[in-house]
Engineer: 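Take this structure first; my questions come after.
Keep in mind the model is a prediction, meaning the values are calculated, not measured.
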Amino acid sequence: MKSNVTTLRPQAQYRNPELAEFAALRLEAYYRDRVQNTWAGGHIMRGRQPGADALQLCSNDYLALSRHPRILDAMVDSIRRDGNGLLMSGIFVHGACPHTDFEQELADFMQAEAGVLCQSGYAANTGLIQVIAGEGVPVYADMMAHMSLWEGIKCAGARPITVFHNEVEHLERQILRHGPGVVVVDSIYSTTGSLAPLREIVEICEAQGCILVADESDSLGTHGPNGQGLVVELGLADRVHFRTASLAKAFAGRAGFVTCSRRFAEYFKSESNPAIFSSTLLPHDIHGLAATLGVIRQEDWRREQLRENAAYLRHELDALGYNLNGSECQIISLESGTEQNTIVLRDALESRGIFGAIFCAPATPKSRALMRFSVNAGLARKDLERLVAVCREIRDEVGLAAWASTRRKQRIRTAPAVEVRREAVAA
C-alpha cells in the first residue's frame, strides 16, 4: 500500500537521555504497530501538501470568519494598545474589565445567568467535570462524546458509564441501574455531525435527578436564533445545567466557555485545576472574540449559506452511496473503516486537490476511521460541485462498495430500526 508522507524539515542533531524501559516500550509499540504495521511506514495524518488551488475542508471555521476585517482590526488594535497584558491565572481577574465584560456578554447571548471563559474547550470540559463529579459519582457519557469530557471523568475520579450513541432508552436504563449522576453529551457530535436528542435527554435527567452537561462546540454560532446554539433553539436554556463550548470553531478564536449560575462561576474559578493553573486569555483574544460575537449576531446570511452548503453536500454524497452516519449539519464524514482504507481514501482525495481531516483512534474506534469534511459558509457552489465530482470519481478506487459503513447503510433500508442501532453499536 502506497502511503504518501510529507517530509519533515531537517532537525539539529542533539542527544536526549535514554527513556526508561516502561516508556521506551510504549514508544516502540507505536512505531511498530501503527507506523510500520498499519501505516506501511508512513503516517496517516501526513499526506500531500495542499497546492494553491486545493480545496481545504479541515478547518472548523464554519462561518468563514478567520479573516473578517472587523475582527482582525479589533485584535490588532488591542495588541498595539494592550500588548499581551498581565500574564497571570484567571483566578486573579475580577471587577469590571474586558475579560469579565465579555464573559457576561456571551452568557447573556446564550441565555445563561453567567459564564466562565477558559483557555480552550478542552479545559472547559475537563475543568467542569472535575468540579461537579466527585469520586465514584456515576457519569453517563454518550459513547461518541468528546474526548475532553471523558478526560474530565478521569480527572474527577468519577465512575464512567457508557451510553449507546443517542439511545435515550439505554440512558434511562443505565441511570435506573446505577443511580443519579451527571449526563454528558455533545449537542452536535464532532465526528459524524449527528444531533443529540436533547429534549428527551432533558426529560430523563429531570425525572431521575441528574445533572446535564451539553457541549455546544459545534452548534454555538451555527444554530439557533442569531447563532445562540442548539439548546436555545430548542427552548431548553433554563433546563440544561451546564453548556460548554470551544470558541475555536464558529468563533474562529481560541478559548472555551462554560455557562452556569453566578454562584457556580466563582466556585469554578477557584476549584477547577485548568482555571487555576493556566494563564488567562490575552487581551487581543478577548477583543477579537467580542468583535466576533457582534459579527455572529449581525450576519445571519453566513448561517443560511452554511446550511445551504451543508444540505447540498449531504444530499449529493448520500446519493453517491456514502454512509453519512446521520449527519444533520455542517460536519460530514466518510467512514472508510480501517486505517489502511482511510489512507487509500486520503491519497485519492488529496491527489485531486481535496483535503479533509482524518479521524482515527483514539478519536474513533479502530475499525471506524473516517475522513471528515467541515463545510463552511465561504464555499462557493463550484467548490461543492468539485468535491462531489471527486467523490463520484473515486468510488471504485477506494473500494466504497466494500466498506463496512456502506454495507451498514444498505441494511438500514430493510432492517428494523432497533436492530440497525444495535448493529452500529457493535461495530
Side-chain angles (χ1 to χ4, degrees), residues 118 120-219 229-231 236 239-246 256-260 268 272-274 325-326 331 359-366 368 421-422 424-427:
C118 303
S120 66
Y122 197 96
N125 279 339
T126 56
L128 176 62
I129 303 303
Q130 175 220 324
V131 297
I132 60 175
E135 185 175 354
V137 171
V139 179
Y140 302 94
D142 187 287
M143 62 190 299
M144 293 181 67
H146 195 271
M147 185 60 69
S148 55
L149 292 166
W150 290 96
E151 190 66 23
I153 297 171
K154 292 181 184 177
C155 292
R159 183 157 51 107
I161 298 174
T162 301
V163 177
F164 297 158
H165 180 52
N166 280 347
E167 285 278 5
V168 291
E169 296 89 353
H170 187 238
L171 170 63
E172 187 171 36
R173 290 198 303 272
Q174 291 285 60
I175 296 172
L176 290 172
R177 179 181 178 185
H178 299 283
V182 180
V183 175
V184 296
V185 299
D186 294 10
S187 62
I188 293 178
Y189 288 91
S190 60
T191 306
T192 62
S194 58
L195 274 60
L198 285 173
R199 287 196 180 96
E200 294 91 334
I201 292 171
V202 164
E203 291 173 0
I204 291 172
C205 288
E206 290 175 342
Q208 302 301 327
C210 290
I211 292 172
L212 176 57
V213 176
D215 185 329
E216 290 251 75
S217 295
D218 293 290
S219 65
L230 192 60
V231 169
L236 301 173
R239 299 173 68 186
V240 176
H241 297 86
F242 301 100
R243 282 167 283 162
T244 62
S246 165
F257 196 65
V258 178
T259 66
C260 55
F268 181 93
S272 164
N273 285 342
N325 282 315
I331 296 169
F359 276 44
C360 60
T364 69
K366 289 183 178 180
R368 300 190 70 168
R421 288 198 298 267
R422 287 175 178 167
V425 169

Engineer: How far does CG of Leu128 sit from SG of Cys118, to the nearest 0.5 angstrom?
Structural biologist: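 Rounded to the nearest 0.5 Å, the CG-SG separation comes to 8.5 Å.
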Engineer: Can you tell me how far the CD atom of Gln130 sits from the CD1 atom of Ile153, to the nearest 0.5 Å?
Structural biologist: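 CD1 of Ile153 is found 13.0 Å from CD of Gln130.
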Engineer: Kindly determine whether Thr192 and Ile331 satisfy side chain to side chain contact (heavy atoms under 4.5 Å, CB included), including the steps that lead there.
Structural biologist: CA-CA 6 Å; Thr192 62; Ile331 296 169; 5.9 Å; no
Engineer: Once side chain to side chain donor-acceptor pair (under 3.5 Å) is applied, do any residues pair with Ser187, and if so which ones, sequence neighbours excluded?
Structural biologist: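 Partners of Ser187 by the side chain to side chain donor-acceptor pair (under 3.5 Å) criterion, ordered by chain and then number, come out as Glu216, Ser219.
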Engineer: Would you please name every residue forming a ring-ring contact (aromatic ring centres under 6.0 Å, His included) with Phe257, sequence neighbours left out?
Structural biologist: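 Per chain and number, Phe257 pairs via ring-ring contact (aromatic ring centres under 6.0 Å, His included) with no residue.
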Engineer: Going by the rule side chain to side chain donor-acceptor pair (under 3.5 Å), which residues pair with Asp218 if we only count those two or more places apart in sequence or in a different chain?
Structural biologist: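 With neighbours one apart ignored, the set is Tyr62, Lys249.
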Engineer: Where do Val183 and Val163 land on the side chain to side chain contact (heavy atoms under 4.5 Å, CB included) test, with the steps shown first?
Structural biologist: CA-CA 10 Å; Val183 175; Val163 177; over 6 Å; no
Engineer: Identify the heavy atoms of Asp215 and Ser217 that sit nearest to each other, and give their distance.
Structural biologist: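 Asp215 and Ser217 have their closest heavy atoms at OD1-OG, 2.6 Å.
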Engineer: Taking side chain to side chain donor-acceptor pair (under 3.5 Å) as the definition, give me every residue that meets it alongside Thr244, ordered by chain and number, with sequence neighbours left out.
Structural biologist: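 For Thr244 the side chain to side chain donor-acceptor pair (under 3.5 Å) partners, ignoring immediate neighbours, are Asn125.
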Engineer: Using the test side chain to side chain contact (heavy atoms under 4.5 Å, CB included), find all partners of Ala361 that sit at least two apart in sequence or belong to another chain.
Structural biologist: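 Listed in chain order: Arg34, Glu339, Lys366.
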Engineer: Which heavy atom in Thr191 sits nearest to a heavy atom in Ala363, and how many Å separate them?
Structural biologist: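 That closest heavy-atom pairing would be OG1-O, 4.3 Å.
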Engineer: For residues 136-146, run the donor-acceptor check on the side chains, cut-off 3.5 Å, and write out each pair with its distance to 0.1 Å, sequence neighbours left out.
Structural biologist:
unit_1	atom_1	unit_2	atom_2	d
Tyr140	OH	Gly179	N	3.4
Tyr140	OH	Gly179	O	2.4
Asp142	OD1	Met144	N	2.8
Asp142	OD1	His165	ND1	2.9
Asp142	OD2	His165	ND1	3.3
Asp142	OD2	Asn166	N	2.8
Asp142	OD2	Tyr189	OH	3.3
His146	ND1	Ser148	N	3.1
His146	ND1	Ser148	OG	2.8

Engineer: What residues, two or more places apart in sequence or in another chain, satisfy salt bridge (charged side-chain N to carboxylate O under 4.0 Å, His left out) together with Glu206?
Structural biologist: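 Counting only residues at least two positions away or on another chain, Glu206 forms a salt bridge (charged side-chain N to carboxylate O under 4.0 Å, His left out) with Arg239.
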Engineer: Kindly give the heavy-atom pair with the smallest separation between Val185 and Leu149, and that separation in Å.
Structural biologist: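 In terms of heavy atoms, the two residues are closest at O-CD1, 4.2 Å.
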Engineer: Would you give the length of the straight line joining atom CG of Asp186 to atom CG of Leu230, rounded to the nearest 0.5 angstrom?
Structural biologist: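 Reported value, rounded in 0.5 Å steps: 11.5 Å.
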Engineer: Return a table of donor-acceptor pairs under 3.5 angstrom between the side chains of residues 170-178 and protein atoms on other chains or two or more places apart.
Structural biologist:
unit_1	atom_1	unit_2	atom_2	d
His170	ND1	Phe164	N	3.1
Gln174	NE2	Thr162	O	3.0
His178	ND1	Arg159	NH1	3.2

Engineer: Atom CZ of Arg243 and atom CG of Leu212: how far apart are they, to the nearest 0.5 Å?
Structural biologist: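 One gets 10.5 Å once the value is rounded to the nearest 0.5 Å.
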Engineer: Taking the side chain as every heavy atom from C-beta outward, state whether Val202 and Val240 have any atom pair closer than 4.5 Å.
Structural biologist: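 Yes, their side chains come closer than 4.5 Å.
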Engineer: Do Ser194 side-chain atoms and Gly326 backbone N/O form a donor-acceptor pair below 3.5 Å?
Structural biologist: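 Checking the backbone N and O of Gly326 against the side chain of Ser194, no donor-acceptor pair under 3.5 Å is found.
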